[in-house]
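Worksheet: one structure, shown below.
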Amino acid sequence: SIACAAHLRHGTTTIFPTTTTGSSPQIMDMINSCATVIQQNAHHAIPTARIAGIHLYGPFFAEDKVGCHAVAGRRSPVTTEVF
């Protein structure tokens, strides 16, 4: 909610928080946090940037295409892992 308010102060009205590398629990925590902020912002009079969705960018990067992301958090997808 604080981050959304900061975005709005600088002119951003809508954001899509993005996953990068991390464990399944860390990514689920991020998704759940976004859901909480969406619900909180719907009930507050304080204007903030709106979370319109979540960009699921990682953690499934090719081994040689991690870029600036933590190599240790990169992994290949497995069929048992569903978000």
* Separation of I38 CD1 from I51 CD1 (nearest 0.5 Å) -> 5.0 Å
* Structure fact -> When rounded to the nearest 0.5 Å, the distance separating CZ of R50 from SG of C4 is 11.0 Å
* Check the hydrophobic clustering (I, L, V, M, F, W, Y; side-chain heavy atoms under 4.5 Å; chains of links allowed) and say if I15 and V37 are grouped together. => yes
* **Distance, nearest 0.5 Å, that separates CE of M28 from CE of M30** => 11.0 Å
* **Heavy-atom pair of closest approach, residues H7 and A49** => CB-CB, 3.8 Å
* Of all the heavy-atom pairs spanning I54 and C34, show the shortest one and how long it is. => CD1-CB, 3.7 Å
* To do: Can you sort out the partners of H55 under ring-ring contact (aromatic ring centres under 6.0 Å, His included), two or more places apart, ordered by chain and number?
  => Y57
* **N/O donor-acceptor pair under 3.5 Å between T20 side chain and T18 backbone** => no
* For A52 and F16, which heavy atoms make the closest approach, and how far apart are they? -> CB-CZ, 3.5 Å
* Structure fact -> Separation between OG1 (T48) and CG (N41), nearest 0.5 Å, reads 3.5 Å
* **Check: T21 side chain, P59 main-chain N or O, donor-acceptor pair, under 3.5 Å** => no
* Structure fact -> When rounded to the nearest 0.5 Å, the distance separating CD1 of I31 from CD of Q26 is 12.0 Å
